[in-house]
Amino acid sequence: MKKLLILIILTALFSCEIFNELENYTEMTVINNTQDSITLHLGDFTDLNNKTTTVKSEIILPNSTGIITKIPKEIDLKGWTESVKDNQNIIKKFVNSDGKELYNFKFTSLQNYKLEINNDKFIFYENDIVLNIPTTTTPTTTTPTTTTPTTTTPTTTTPTTTTPTTTTPTTTTPTTTTPTTTTPTTTTPTTTTPTDTISDDWVKNGSGSFKINNYSSKNKIKIHIGNYASNVNYIISPELSYYSTHILESYPVGTPLNLWITDENGNITNLISSITDNIFETTLKDGGNYELKLNSTTFNFYDSGVDLNYIKYFTPYISAPGVSSYTPTKSSPISIIIDFKSEVSALTNEMFSLINCSITSIVTTDNINFSVTVEPTNQGDAEIKLNSKQVTNTLGEYNSEVKLNFVYDSIGPIIEINIIDNATPYTDILHFEMISNEKINGIYTSSFSATNAIVKSYSKDSTYSGAGERYIITVNGKTKGEITLSLLDNIVTDSAGNSSSSVSSGESYSFIPIGVVNEIVPSDNPQFVYALDNTYMQLLKVDVNNEQIDSHITLPHPAPISMKYGKTGNILYIAYKNYDTISRYDLNSETFLSEYTFSATNENYDLDINESLNRIYLLATDPQSSITNQVKVLSLDSGSLIVEGSVEGKMMTVNPNNGDIFTGEKGLSPSSFYHYSATNSNISNIKEIWNNGSNGKYLTISPDGLHVVMFCGGGNGAGYTVHDIDTSDISNTIGEWNVGGYPIYGVFSHDSKYFYAMGDDLGVYDMNYIKLKSYEYDKFDTHILGLNSDSSVLVQYTFDDNYDNNYRFIFFKDIRP
């Protein structure tokens with residue numbers, strides 16, 4: 001008795017030790033299909049010469065099966081085999097079954113694996129069905145006679161020694177006398193069964209898949225899945241031949257199911273659970289993968305290797321009207337509906353797990369549909385979960401776990417508005433930012449009000465990384481003065497429907513607007529260009545590096561109309577409409593020098609200078625006459641009159657080399673073009689082109705004095721082109737730049753190597769008329785171009801005449817090819 005007690009204790013300790021080992025190790029079945037004796041290695045074969053292994057098998061004889069145990073879990077293993085042939089060790093790395101990639105696998109605990117070796121490659125299975133049943137019923141134990149030589153000795157005449165009761169008793173009787181002639185394919189499914197495994201691609205949204213292996217003795221059978229009591233066949237598989245495999249997809253889920261078979265003679269057999277010995281009944285899970293193995297009239301049914309028949313589940317339906325996990329709600333309390341589909345046992349508070357909420361009541365009238373009232377505790381995420389196996393229905397099924405997540409939000413969004421432009425911008429386009437602490441709805445231009453400005457547009461900042469959202473609001477200033485932006489009250493809401501309060505910008509713009517710019521000229525410093533603002537009678541100092549207006553200078557007279565820069569002395573020369581005066585602004589001292597005055601009867605003046613001849617040229621045009629205009633040539637040093645004379649045309653440019661004057665008609669169709677000589681005694685006509693295009697817009701000349709261009713809205717020639725005209729003979733067109741529709745404006749680089757022109761786009765051209773670069777621009781009515789002193793930045797001014805807005809400067813900094 002004492003010995004028996006000790007044996008029981010030792011057995012228990014040993015069982016405990018095995019159980020603990022299973023926590024850290026797994027096992028593998030290996031089938032050798034090669035013709036050589038090999039040694040199996042599993043480990044790291046980075047250095048095969050050292051034969052580093054984690055696990056090493058014993059020698060596996062041809063067509064034999066060996067079992068490797070205690071494979072450490074959670075380690076990466078590779079594999080190779082080693083055999084001896086002609087006194088040489090032949091080492092072969094394992095590759096996947098497709099023969100392309102080296103085998104690399106991580107084992108996990110409590111899993112069974114199967115490895116078949118086929119010459120220099122192998123087939124590897126995880127959760128193979130043969131390995132997932134007890135070893136007493138595993139097909140690999142039914143073929144000892146084919147792998148053990150002792151079973152082929154004369155002892156085969158003694159049936160008691162050739163048919164051990166531990167093998168497959170049902171198949172030993174007909175094979176005891178001829179063990180070598182038994183048919184392995186009929187008694188050893190492990191070597192003949194298709195080697196498909198359950199793969200991830202079986203999973204379907206809203207459905208699942210079967211893999212069915214027919215190991216039964218019946219040659220052809222059909223499998224039925226449905227409700228056997230009512231003979232509802234959800235799925236009928238095609239006929240399965242012996243040892244065949246078929247995949248079924250799209251079975252119904254959440255419905256109690258039975259399984260039965262029909263053989264080739266029409267006989268119906270219920271399938272019995274291998275665990276409970278009862279007719280199979282269960283519910284299939286959404287998205288699950290299942291494998292069915294048939295052995296005569298019994299079967300094994302697996303989901304990841306576990307027989308599902310040990311417990312039966314059903315899934316209740318949980319919902320909350322108007323509440324979802326993706327949309328916050330401000331409702332409190334929240335009504336949760338749980339529909340069990342059939343009558344269940346009592347439902348109580350203790351059956352739930354709750355996060356950031358509490359249950360205040362549970363009400364039902366039929367024990368099928370339950371109304372659960374939930375009170376949120378704090379702002380933020382909350383969850384109500386009915387734990388699994390809390391109630392049972394009339395079929396004895398347990399409920400599966402169901403839960404509902406929601407976000408409770410009863411506080412309106414917090415919003416702030418800030419200025420993001422400079423404190424004193426000189427443009428009518430101004431920008432504010434609006435930042436909220438959460439996602440918001442209901443943003444429109446009408447959601448805002450602005451003082452001394454018009455709200456033009458808004459856009460969401462897609463790069464904002466804060467908890468909420470950021471919007472950029474664009475406004476146009478009206479007049480000089482302060483500008484503020486406000487969000488109206490109860491306009492913006494969050495996802496839960498809470499409204500925000502009104503909010504205004506914490507500071508305001510000190511707005512100094514700009515108007516219509518007539519001309520942009522360089523200075524001695526490439527960082528700055530100067531622009532002439534006709535509307536507000538100011539001179540704008542524009543910082544091209546920082547892309548903003550540095551300062552504004554009030555002019556001594558209204559209506560400035562033309563301006564040129566003189567390198568000699570670093571002086572700006574400015575002419576006005578209706579004033580017989582030329583202002584001189586010294587850029588060195590930033591002061592106005594003494595003015596030059598003259599006498600003229602006309603009112604509009606175009607101005608140009610020639611520093612090599614020390615001259616100022618003034619074109620005085622008569623708005624009442626489209627023909628006769630007056631040119632006055634003054635001394636650049638003193639302002640005294642040198643010569644004057646009559647010319648035609650209302651646009652003018654002067655050759656920097658010899659002082660010749662070129663004029664053209666502006667806004668007329670056709671637009672004529674003229675060439676004049678200006679000596680110290682008279683101004684005389686050299687040549688004129690009666691039709692040089694239509695709708696004249698602008699005249700410019702290259703700094704080297706060789707090329708003169710007359711921009712016409714309709715182009716100079718056939719199509720919208722700009723002619724490159726020879727300054728020595730204006731009837732000679734050297735070439736033409738094709739700038740696309742409606743030529744507008746253009747300038748030459750200071751070295752006369754490039755030409756910048758606006759038509760369909762803003763193009764950069766060389767003097768061979770090839771477009772090197774192009775830029776899109778807003779096609780408003782008024783456009784002016786100007787270059788800084790080193791030709792590194794092209795500055796565009798644009799203005800929308802129709803709406804009297806969008807006054808702004810645009811900077812192009814990569815214009816040099």
Side-chain angles (χ1 to χ4, degrees), residues 562 602 604-608 610 617-623 625-633 643-679 682-748 752 755-759 763 765 767-769 785:
S562 184
N602 297 334
N604 297 320
Y605 301 113
D606 200 357
L607 178 147
D608 204 348
N610 185 308
Y617 299 79
L618 280 167
L619 173 63
T621 61
D622 182 358
S625 172
S626 61
I627 300 176
T628 302
N629 302 295
Q630 186 181 42
V631 169
K632 289 181 178 290
V633 181
V643 67
E644 60 182 337
S646 297
V647 298
E648 295 187 46
K650 290 181 170 60
M651 302 182 294
M652 178 185 69
T653 189
V654 175
N655 193 320
N657 297 328
N658 56 22
D660 282 359
I661 300 170
F662 300 91
T663 63
E665 296 294 350
K666 187 172 186 178
L668 299 179
S669 297
S671 292
S672 299
F673 184 47
Y674 309 93
H675 181 191
Y676 295 92
S677 171
T679 66
N682 70 341
I683 295 176
S684 59
N685 183 290
I686 297 176
K687 184 173 286 189
E688 64 183 64
I689 306 297
W690 178 76
N691 182 1
N692 196 44
S694 59
N695 190 17
K697 287 183 174 292
Y698 179 66
L699 273 177
T700 187
I701 194 168
S702 61
D704 61 10
L706 302 179
H707 310 268
V708 63
V709 169
M710 181 178 178
F711 275 83
C712 293
N716 294 136
Y720 296 113
T721 60
V722 177
H723 282 184
D724 182 7
I725 301 172
D726 186 354
T727 56
S728 63
D729 181 1
I730 63 172
S731 63
N732 178 28
T733 299
I734 305 172
E736 57 186 337
W737 291 279
N738 186 359
V739 300
Y742 307 108
I744 296 174
Y745 200 96
V747 294
F748 289 94
S752 300
F755 183 56
Y756 309 98
M758 287 187 292
Y765 302 86
M767 299 309 291
N768 293 316
Y769 318 109
L785 291 177

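Since this is a predicted model, take the numbers as computed values, not measurements.
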Counting C-beta onward and ignoring hydrogens, is there a side-chain heavy-atom pair between V631 and E644 closer than 4.5 Å? no
Indicate the atoms forming the closest heavy-atom contact of I701 with V654, along with that distance. CG2-O, 3.6 Å
I want to check something: taking the side chain as every heavy atom from C-beta on, are H675 and E688 in contact at a cut-off of under 4.5 Å? no
If we ignore hydrogens and angles and just use 3.5 Å, is the side chain of N738 paired with the main-chain N or O of T721 as donor and acceptor? no
Is any side-chain heavy atom of I725 less than 4.5 Å from a side-chain heavy atom of N732? no
Enter the distance from L619:CG to T653:OG1 here, rounded to the nearest 0.5 Å. 11.5 Å
Is it true that K687 and S731 share a donor-acceptor pair across their side chains at a distance under 3.5 Å? yes
Do the non-hydrogen side-chain atoms of S677 and S684 ever get within less than 4.5 Å of each other? yes
Flag yes if more than 12 heavy atoms outside Y769 fall under 6.0 Å of its OH atom; otherwise flag no. yes
Under 3.5 Å, is there a donor-acceptor pair between the side chain of D724 and the main chain of E736? no
With distance as the sole test, does N692 use its side chain to make a donor-acceptor pair with the main-chain N or O of S672 at under 3.5 Å? no
Of all residues at least two apart in sequence or in a different chain, which pass the side-chain contact (heavy atoms from CB on, under 4.5 Å) check with F748? T700, S702, P703, H707, V709, W737, F755, M767
Nearest 0.5 Å, what's the CG-CG distance between L668 and N691? 11.5 Å
Donor-acceptor contact below 3.5 Å, side chain S752 vs main chain D704: yes
Nearest-0.5 Å distance, OH of residue Y617 to CG of residue N655: 9.0 Å
Pairwise side-chain contact, Y676 with D660, heavy-atom cut-off 4.5 Å (strictly under): no
Any donor-acceptor pair under 3.5 Å from S669 side chain to S694 backbone: no
Any donor-acceptor pair under 3.5 Å linking the side chain of S671 with the backbone of G696? yes
Work out which heavy atom in G664 is nearest to a heavy atom in L699; give both atom names and the distance. N-CD1, 3.6 Å
Between N610 (side chain only) and P656 (backbone N and O only), is there a donor and an acceptor less than 3.5 Å apart? yes
Sequence neighbours excluded, the answer for side chain to side chain donor-acceptor pair (under 3.5 Å) partners of T727 is none
About how many Å separate CD1 of I730 and NE2 of H723, when rounded to the nearest 0.5 Å? 13.0 Å
Would you indicate whether the side-chain heavy atoms of V722 and P743 approach each other to under 4.5 Å? yes
Would the F662 and Y674 ring centres measure less than 6.0 Å apart? no
Could you go step by step and tell me if T663 and F673 meet the side chain to side chain contact (heavy atoms under 4.5 Å, CB included) rule? CA-CA 6 Å; T663 63; F673 184 47; over 6 Å; no
Tell me the closest heavy-atom pair linking A757 and Y765, and the distance in Å. CB-CE1, 4.2 Å
Would you find a donor on one side and an acceptor on the other, under 3.5 Å apart, between the side chain of N629 and the backbone of G649? yes
What heavy-atom pair brings K666 and K650 nearest, and what distance separates the two atoms? CB-CB, 4.4 Å
For M710, is there any backbone N or O sitting under 3.5 Å from a side-chain donor or acceptor partner on N716? yes
Mind checking whether D608 and M652 have side chains closer than 4.5 Å, heavy atoms only? yes
Nearest-0.5 Å distance, CG of residue L785 to OH of residue Y698: 8.5 Å
From E665 atom CD to W690 atom CH2, the distance as rounded to the nearest 0.5 Å: 11.5 Å
